[in-house]
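Written below as structure tokens is the structure these notes are about.
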Amino acid sequence: MAKKTAANITGSQKTTSKATAEAKASAVVAPDLPRVHPLVVAFVVYHVIAITTYALPKPSDLVIDHKAEPRGSDSLLLLNFNECKQWAIFYGYLYPSGFWQYWDMFAPDPSQTDIWCDAEVTFLDGTKTTFQYPRMKDLSIPEKFIRERHRKFYERVNSEKTSYFWPPFAQSIAFQTATDPNSPPVQVTLIRHFQEVMRHDKPQPVEPPYKTYRYFTYVVDQHKLFADKGWKLGIH
Amino acid sequence: MGVFRAIMGGLIFINFSMITIFYNDWFSETGYYPSYMGSMTLSKDIYLTHDSSMHVPRIDLLSGVSDYRILMAFNIFVLIAALLTCLGLFTRIASICLAIGVVTFHHRVSSILHGGDTVVRVSALYLAIAPSGAAFSLDRFFAVRKRLAPAQPTLVSMWPQRLVAFNCCLIYFTTTWEKWFGGLWKTGVATWYPARLHEFDRFPVPHFLNEFPMVYVTTYGTLAVEFCMATLVWFKPLRKWVLLSGMMLHGYIEYSMNIPLFGYLMVTLYLSFYEGEEVSAWFDRLKAKYLKKPIAEAA
């Protein structure tokens with residue numbers, strides 16, 4: 001395989017014309033190309049099969065749940081999902097090594113919900129403040145560029161399926177808003193703001209309103225807060 | 001592979017620099033992602049048998065580490081490895097350290113990763129297993145100067161570069177297939193929606209581009225380009241045009257949507273479709289053109 005594909009050239013060559021370069025290129029397809037060890041060939045074949053089987057899409061949920069008969073490529077994908085992806089010989093290599101990968105950019109359908117978050121923080125003295133988690137729409141272009149992970153993170157952790165993220169998320173907000181040991185944050189309420197994109201064939205409002213949902217109220221862990229802040233509990 | 005290494009190393013350096021700016025948010029115990037959350041999102045051990053009698057650990061040198069200073073030191077270590085890989089200095093060891101570092105971080109904070117990060121991780125691994133410092137590197141420059149390497153080009157096997165190219169095709173192939181399951185792509189209206197998600201807004205685009213009939217053009221155009229990138233790109237007479245269409249696709253997304261680095265990373269993968277002698281010949285033609293030397297003299 002490697003012989004057939006010739007080879008790279010290292011170093012800079014002093015050729016300038018295309019013809020000369022091509023002549024040199026053909027000259028370097030020499031018989032003394034490095035031989036590829038059969039084990040390397042075996043690894044390459046194995047690796048290609050492993051990443052392909054892992055990256056192939058899942059069949060539709062209806063097919064997985066046996067609620068619909070597999071049609072067309074679904075049969076192949078179902079076989080891959082039920083068999084190949086379960087083989088330890090593949091996932092036992094991909095997961096530990098970091099070669100695991102799946103590619104679903106804007107697929108199977110692009111997201112249709114604009115979403116952002118803030119939080120209401122209540123302090124011991126009863127005062128309240130709003131903590132603004134980075135919202136991309138309000139940031140400058142350079143800030144958007146470097147803060148995109150904040151958006152991605154919130155997209156991942158806002159749903160019920162990842163509710164285990166909510167307590168540390170709220171605790172971190174308490175840490176960031178705490179300034180006075182005599183009136184620390186005692187409660188954090190996470191608020192989701194979202195807006196569905198109107199279907200293309202429906203009348204379009206100029207700016208549809210965002211809906212608001214207070215989805216989690218967290219009682220701040222004072223011991224952790226004071227420890228993280230370096231404050232001493234109970235002497236203020 | 002040398003040019004690919006240099007650019008990808010630079011992009012990985014930028015990628016990790018961006019993480020470093022908000023390091024506190026993702027890697028400290030007071031941030032959004034304390035260390036114990038890492039094991040809740042990705043299991044640390046991979047069980048190979050149903051009775052859990054055999055398992056292998058994920059690559060994660062920071063497993064159980066919560067000391068911010070150690071984490072920051074490790075981050076700086078990865079940044080240095082990325083820089084050395086970019087320059088091609090101590091390439092073999094630098095690229096291996098970089099791959100281990102990238103995988104470690106990704107296994108710790110998997111919930112902040114996007115598609116571009118997966119390209120970074122997979123590319124770092126390919127750089128580590130390839131002779132990526134054999135060309136276009138300071139290693140080779142110094143070796144030639146000290147007469148430790150021949151002035152003539154050294155031939156190396158192409159399999160790592162072909163793997164990168166295959167992986168690039170796999171990205172497009174599987175995402176096209178996945179999109180085919182979605183009703184919005186099939187009916188040609190998919191790009192209507194991302195264009196109206198304000199969290200992705202970047203630079204303004206002319207209004208008509210996000211209206212019909214252009215939505216049909218951009219939706220089916222995206223599917224066509226991605227499918228070609230997975231298939232026709234291997235057909236040499238069409239390769240240049242297919243890659244150009246891919247660059248236009250990513251260029252438009254990069255301009256209009258806030259998806260940092262992804263377009264640059266994907267286009268860097270395109271280098272793997274060109275063989276070393278083609279890249280050298282291209283550089284030489286460029287040199288001849290801009291240095292304005294007569295061809296005969298330069299030859």
Side-chain angles (χ1 to χ4, degrees), chain A residues 2 5-11 13 15-18 20-21 25 28 33-34 36 44 48 51-52 55-57 60 88 92 95-99 101 103-112 114 116 136-137 141 144-146 148-149 151-153 156-157 164-165 168-169 172 175 197 200 228, chain B residues 1 18 21 30-32 34 37 40 46 48 56-59 103 106 111-112 114-115 118 121-122 125 134-135 140 153-159 162 166 170-171 174-175 177-179 181-182 184 189-190 192-194 196-199 201 258 260 275-277 280-281 284-285 288 295 298-299:
Chain A
T5 54
N8 272 328
I9 301 175
T10 62
Q13 290 173 288
T15 55
T16 49
S17 72
K18 191 174 179 182
T20 316
V28 296
L33 281 170
V36 179
V44 170
V48 164
I51 60 172
T52 304
L56 281 179
S60 66
Y95 286 139
S97 68
F99 268 120
Q101 52 189 290
W103 308 99
D104 55 358
M105 290 80 75
F106 299 113
D109 278 326
S111 168
Q112 293 149 58
D114 220 11
W116 57 280
M136 297 298 113
K137 189 188 175 189
I141 301 279
K144 280 182 188 195
F145 195 83
I146 57 176
E148 159 62 15
R149 272 174 214 289
R151 187 204 63 76
K152 190 73 190 180
F153 177 67
R156 289 247 170 81
V157 305
Y164 51 87
F165 263 105
F169 186 63
S172 177
F175 175 81
V197 176
H200 62 283
D228 289 343
Chain B
M1 203 72 192
M18 284 158 60
I21 297 171
T30 58
Y32 299 123
M37 295 308 294
M40 292 185 77
I46 309 300
L48 304 176
V56 283
R58 286 182 194 268
I59 295 176
V103 172
H106 284 196
S111 291
I112 65 168
H114 47 65
T118 310
R121 186 179 65 247
V122 169
L125 287 163
R140 175 163 167 77
T154 309
L155 304 181
V156 296
S157 169
M158 286 289 282
W159 68 263
R162 293 291 187 236
F166 175 82
L170 185 69
I171 293 171
T174 53
T175 195
W177 199 340
E178 186 98 36
K179 281 177 176 127
F181 286 120
L184 298 177
V189 299
W192 169 269
Y193 294 92
R196 282 157 181 81
L197 296 176
H198 295 307
E199 294 303 290
D201 284 349
N258 189 50
E275 287 161 23
E277 54 267 40
S280 295
D284 290 338
R285 285 204 300 278
I295 286 175

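All chains are named by letter (A, B, ...) in the order of the sequence lines, taking the proteins before the strands, and each is independently numbered beginning at 1. Heavy atoms only: backbone and side chains are in, while hydrogens, waters and symmetry mates are out.
Classified by interplanar angle (parallel below 30°, tilted 30° to 60°, perpendicular above 60°), the ring pair H200(A)/Y193(B) is perpendicular.
The two residues L170(B) and I51(A) have their closest heavy-atom pair at CD2-O, 3.7 Å. Contact record, P57(A) with T174(B): CG-O, 4.2 Å, taken as the closest heavy-atom pair. Here the shortest heavy-atom pairing between G98(A) and R121(B) reads O-NE, 2.6 Å. When every heavy atom of S111(B) is checked against every heavy atom of R156(A), the shortest pair comes out as O-NH1, 3.1 Å. The two residues V36(A) and S157(B) make their nearest non-hydrogen contact at CG2-OG, 3.4 Å. Residue Y32(B) comes nearest to F165(A) through the heavy atom pair O-CD2, 4.4 Å, listed as atom of the first residue, atom of the second, then distance.
For R151(A), the part sitting under 4.5 Å from any heavy atom of chain B is the side chain, from C-beta outward, and nothing else. Heavy atoms closer than 4.5 Å to chain A are found in the side chain of I46(B), but not in its backbone. Residue F181(B) touches chain A through both its backbone and its side chain, counting heavy-atom pairs closer than 4.5 Å. Using a 4.5 Å cut-off between heavy atoms, I59(B) contacts chain A through both its backbone and its side chain. With a 4.5 Å cut-off on non-hydrogen atoms, P34(B) touches chain A through its side chain but not through its backbone. For chain A, the nearby parts of R196(B) are the backbone and the side chain; heavy atoms of each come within less than 4.5 Å. For chain A, the nearby part of V189(B) is the side chain; its heavy atoms alone come within less than 4.5 Å.
Note: F145(A) leads F175(A), F145(A), F106(A) in heavy-atom pairs under 4.5 Å with chain B.
Within the 3.5 Å criterion, the main-chain N or O of T30(B) finds no donor-acceptor partner in the side chain of D228(A).
In this structure, the separation between CG on L197(B) and CE on M136(A) is 13.5 Å, given to the nearest 0.5 Å. Considering CZ of R149(A) and CD1 of I112(B), their distance stands at 5.0 Å, rounded to 0.5 Å. Atoms OG1 and CE, on T175(B) and M105(A) in that order, are 4.0 Å from each other to the nearest 0.5 Å. In this structure, CH2 in W103(A) is found 4.0 Å from CD1 in I171(B), a value given to the nearest 0.5 Å.
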| request: Would you check, one step at a time, whether the test side-chain contact (heavy atoms from CB on, under 4.5 Å) holds for Y95(A) with V56(B)? | output: CA-CA 9 Å; Y95(A) 286 139; V56(B) 283; over 6 Å; no
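Side-chain atoms of L184(B) and Q112(A), non-hydrogen and from C-beta on, do get closer than 4.5 Å to each other.
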